[in-house]
Structure formats: structure tokens, C-alpha cells
Amino acid sequence: MNSYTVTLIRGDGIGPEIAESVVEIFEAASAPVRWEEAYAGLSCLEQYGALCPEATLESIRRNRVALKGPTTTPIGGGHRSINVAIRKAFELFANVRPARSIPGVQSRYNDIDIILVRENIEDTYAGVEYWQTPDVAESLRLISRPGSAAVIRYAFDLARRLGRRKVTCVHKANIQKLSDGLFLECFRAIAQEYPDLESDDILVDNACMQLVMRPERFDVMVLPNLFGDIVSDLCAGLIGGLGVAPGGNIGNGYAVFEAVHGSAPDIAGKGVANPTAFILSAVQMLRHLGLHADAERIESALRYTLVSGIKTRDLGGNANTREFTKAIISNLPPRAQVQAQNEPVATPYRTPMLPPRATAQEGWLTVGVDFFFHALQPPTDLPAQVGALRLVAVSNRGVALETNPASERYLLNWYRARYVAEQPLSEDALNEALRALAPRLHWTTLQRLYRTREGQNLFSPILTD
Ligand code: NAI
């Protein structure tokens with residue numbers, strides 16, 4: 001039988017205690033996994049002088065799969081988060097969080113079975129933020145076609161591989177028409193390639209309500225990063241919270257599995273940590289490797305243990321980590337009793353990334369420019385026309401000024417002036433207009449406005465009252 005070498009990072013706080021639990025259970029279950037120990041976290045910084053040493057990244061690069069315990073993020077200072085370092089090094093574009101009810105773990109439902117797939121790199125997490133004025137901070141929400149396509153394709157492939165029925169896209173494309181619109185457009189296009197799976201989409205606000213009222217409506221969900229972050233905690237809440245919420249970060253050929261919870265310094269070293277979420281992350285890893293029978297065996301032993309009332313303190317029981325682990329081991333069902341088959345998967349998993357496209361290929365035309373600028377009063381001296389560009393609107397907080405002169409709305413010290421041309425602009429004409437306009441405003445941002453050859457504007461209209 002195939003055996004897999006996996007990088008094991010025990011991490012900080014309760015990390016070593018819950019990692020030991022997984023190591024013992026895997027050994028008792030004869031799961032075909034060989035651990036290669038690597039180090040990261042605060043303890044690693046103290047011992048080896050680095051939060052996430054190159055040797056750890058090399059180990060993941062070699063093995064392509066890692067199981068990572070929680071790591072403590074040092075507060076303050078210039079430390080890069082370990083998770084960010086790992087996510088960036090391996091382009092881990094999908095975060096997969098299964099939420100499955102566990103009998104014996106108290107929660108509002110007992111039949112939840114949802115897999116949430118969250119985009120893991122883009123959206124507001126690209127971290128592109130600026131102060132525009134002393135009163136205004138701006139965060140760019142970046143959604144890309146290659147980034148969306150990669151995570152959506154992964155969600156469909158995962159659904160197919162795990163024999164699931166439906167994939168639901170969660171978005172806010174009624175408001176974020178361009179960015180979430182792009183995510184939804186990618187979803188609809190890719191769904192066509194999976195006729196064996198149902199697909200639908202839902203607005204994120206409605207999705208939250210439906211999850212609480214009719215969670216059985218959902219099977220596999222795919223979401224942009226920020227919505228995914230929020231909704232995945234909602235899903236964790238549906239099955240009993242942090243102590244039982246596993247996760248995996250998936251990239252092109254790489255995967256790092258870890259529980260959702262942190263290093264729990266308040267209970268570290270006391271031997272009372274709940275290893276459930278970490279065991280479930282390891283089970284998720286086994287499924288990723290195609291080791292479904294091993295995954296099933298360990299998961300059913302865990303579930304049986306919890307049903308039988310053996311639980312750690314956080315779940316209302318009185319077992320310590322060791323007692324709980326021993327109980328799971330004693331509850332491992334005989335291999336022959338397990339229904340699932342181990343099936344080889346195409347490891348390492350690869351989702352094709354779309355190649356970058358040049359603007360010229362799209363035939364985009366420049367038809368104007370938005371000037372964002374800092375001013376204390378609504379501007380009165382903006383030129384109505386500069387070369388080929390005509391002033392069409394000045395807006396504040398996204399809404400045009402002067403559409404309702406009696407309006408008493410509060411005006412920020414950050415305005416936008418939109419200049420548009422009748423005909424597509426040449427670069428020379430655009431630059432000439434910018435040279436004439438720029439010195440007249442305390443501008444903070446310049447935004448080019450595109451239109452397709454077919455006449456579709458590639459920018460949002462300015463709202464009016
Ligand atoms: P936390 O998840 O470590 O703890 C929150 C609360 O839940 C604590 O009361 C803790 O005792 C309890 N708890 C968490 N996991 C438990 C378990 N398995 N068994 C029993 N009780 C459990 O979150 P907190 O306190 O905000 O963060 C502590 C440290 O962990 C911070 O340095 C944070 O940056 C880091 N962290 C690391 C993560 C990672 O490496 N993936 C994720 C989240 C936080």
C-alpha cells in the first residue's frame with residue numbers, strides 16, 4: 001500500500017498535546033502516514049531564531065502535505081504571521097472547512113453536513129489599504145478571474161471527488177456588481193463543466209439566515225475570502241464551535257491542514273486540551289490523500305467516543321487529553337467493518353491557473369478618468385471640460401452631489417470627480433487632460449475608466465439620491 005510522508009508541525013501552546021494525540025491514533029490505526037517533524041511558532045523562534053524557518057518550508061515543499069498545530073502570533077514587532085508566510089509560499093488559494101454534526105457534541109442541530117470552500121488569498125485579505133484623508137481609510141477588495149476560477153474549480157472537483165450533490169456560490173453581486181459579479185460569472189461558467197452536480201447561488205445575507213433556519217439546503221459552498229471567513233465561523237457554530245472545527249488550506253499541489261482554533265495559552269501544558277478539531281483536520285488530510293478507509297475508521301472511532309459520553313472539559317466532559325485519546329484508540333473499528341475504499345487520487349492536486357491576459361486582447365477602450373481628491377468643501381471651480389474630457393459628476397461617499405440641493409447629507413473631505421469623453425481617448429489625449437487637471441486638485445487616486453468595444457462600461461455608475 002502507498003505510504004505518504006507528511007510534514008508535522010506541532011506548534012505552540014496546546015499544539016504539542018493535540019499533535020501527540022493524532023500521532024498516537026494514527027499509529028494505533030496503522031494509517032499509512034510517516035511524519036516528518038518540522039518547526040514553526042513562538043517556541044521555534046525561541047529555540048531556532050525563526051518563526052517559520054526555511055527548513056520547515058522546504059519540508060512542506062518536499063512532502064507537499066503538512067499537518068500544522070496552532071502557532072502563537074507574537075504581538076507587536078515586525079513578525080510576519082506564520083500562516084501568511086506559509087500561505088504565500090505555497091499559494092494556498094482554497095480554505096476548506098467541513099462542518100459536520102458530531103453526535104454527543106451539543107449544538108442546535110444534529111444533522112449538519114456542509115463543506116465550506118473559502119477563497120484564501122484575495123478580496124480584502126490582499127491587504128491593499130490607504131488613508132485617503134485624515135477622515136477616510138480605504139480598503140481595496142480585489143477579486144480576480146484566475147483567483148476565483150481556481151477556488152471555484154477546486155470546490156467542484158472536491159464535490160465530485162467526495163460524491164456530494166450540489167455546489168452553492170455565496171456572493172453579494174447585487175451590490176458589488178463588478179467584483180462579486182466576476183466571482184459569480186466564473187462560478188456559472190465552471191458549473192457548466194460539471195453537469196453531474198447541481199449548482200446554485202445565493203446572496204450572503206440570505207445564506208446566513210438560511211444556514212440558521214434550513215441548513216440542510218446547503219451541501220458544498222464556495223465563497224470569496226471575507227464572506228468565507230465569517231460564514232465559516234457561523235458553520236462552526238452550527239456544529240458546536242471551535243473545539244470541533246477542522247480545516248485545510250489547499251494550493252496547487254500543496255495542502256496544509258490545521259484546526260481553526262489557536263494555541264489556547266490559557267490551558268496549555270495542563271493536559272486538558274480537546275484534540276477533536278485537530279484529529280478531524282488530520283482526517284480531512286487523509287481524505288485529501290485518498291485514504292478514505294483510514295479517514296472513516298478514525299472519524300468513526302472519534303464519533304463513537306463522543307457519543308459514549310467521553311469528552312474533554314470544554315465539551316462538558318471530564319476526560320483529559322490522554323484519556324480521550326486512549327478511548328478513541330480503543331474504539332477503532334476493525335478494518336473489515338469500514339465501508340469506504342482507499343482510492344488513489346491524482347496527488348499532488350492541481351487546479352490550472354488561468355494565464356494573465358493583456359488588456360489589448362480584450363479590446364478595452366479608455367473613455368474617462370475618476371479623480372479622487374481631498375477637499376474641505378464641495379469644489380466649485382472644477383473645469384467643466386478639459387480637452388476631450390467632460391465633467392459628468394462629483395460624488396461624495398459614492399453618491400453624486402447636487403442631485404438634491406436640499407439634501408442635508410454629511411459630506412466627507414474626500415470627493416470624486418468623474419470626467420468622461422464622447423469618443424475613446426488616445427493615450428496622448430488622456431495624458432494631456434491629466435496634466436491640465438491634476439494640479440487643480442489635491443488628488444489621492446486616479447482611476448482609468450474603460451469601456452468594451454461593444455459599449456459596456458467597465459466601471460460602476462455614480463449613484464444619485
Ligand atoms: P484560541 O482558539 O487559542 O482560544 C480561544 C478559547 O478557546 C480559549 O479559552 C481556549 O482555551 C479555548 N480553546 C481553543 N482551542 C481549544 C481546544 N482544542 N480545547 C479546549 N479549549 C480550546 O484563540 P486565542 O486565545 O484568541 O489565541 C491564542 C493564540 O493562538 C494567539 O497567539 C493567536 O494568534 C493564535 N492563533 C493561531 C491560529 C493558528 O495557528 N492557526 C489560529 C487562531 C489563533
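Throughout, residue positions are numbered sequentially from 1 according to the sequence presented. Read the numbers this way: they start at 1 and go in the same order the structure lists the ligands and their atoms.
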Next item on the list: Evaluate the side chain to side chain donor-acceptor pair (under 3.5 Å) criterion for residues Glu36 and Thr5: first the C-alpha distance (whole Å), next the side-chain angles of each, then the deciding distance (0.1 Å), finally the verdict.
Entry: CA-CA 7 Å; Glu36 183 176 292; Thr5 305; 6.0 Å; no
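- Remark: Lys311 engages Leu306, Leu315 in a side-chain contact (heavy atoms from CB on, under 4.5 Å) (not counting sequence neighbours).
- Judged purely by atom type and a 3.5 angstrom limit, Glu17 uses its side chain to pair as donor or acceptor with the backbone of Gly271.
- Protein residues with a heavy atom closer than 4.0 Å to ligand 1 are Ile14, Lys68, Pro70, Thr71, Thr72, Thr73, Asn83, Leu242, Glu258, Val260, His261, Gly262, Ser263, Ala264, Pro265, Asp266, Ile267, Ala273, Asn274, Asp314, listed by chain and number.
- Ring orientation note: the planes of Tyr450 and Trp364 are tilted relative to one another, at an angle of 30° to 60°.
- Arg61 has a carboxylate O that lies under 4.0 Å from a charged side-chain N of Glu54, or vice versa, which qualifies the two as a salt bridge.
- Around CD of Glu37, the count of heavy atoms belonging to other residues, nucleotides or ligands within 6.0 Å exceeds 12.
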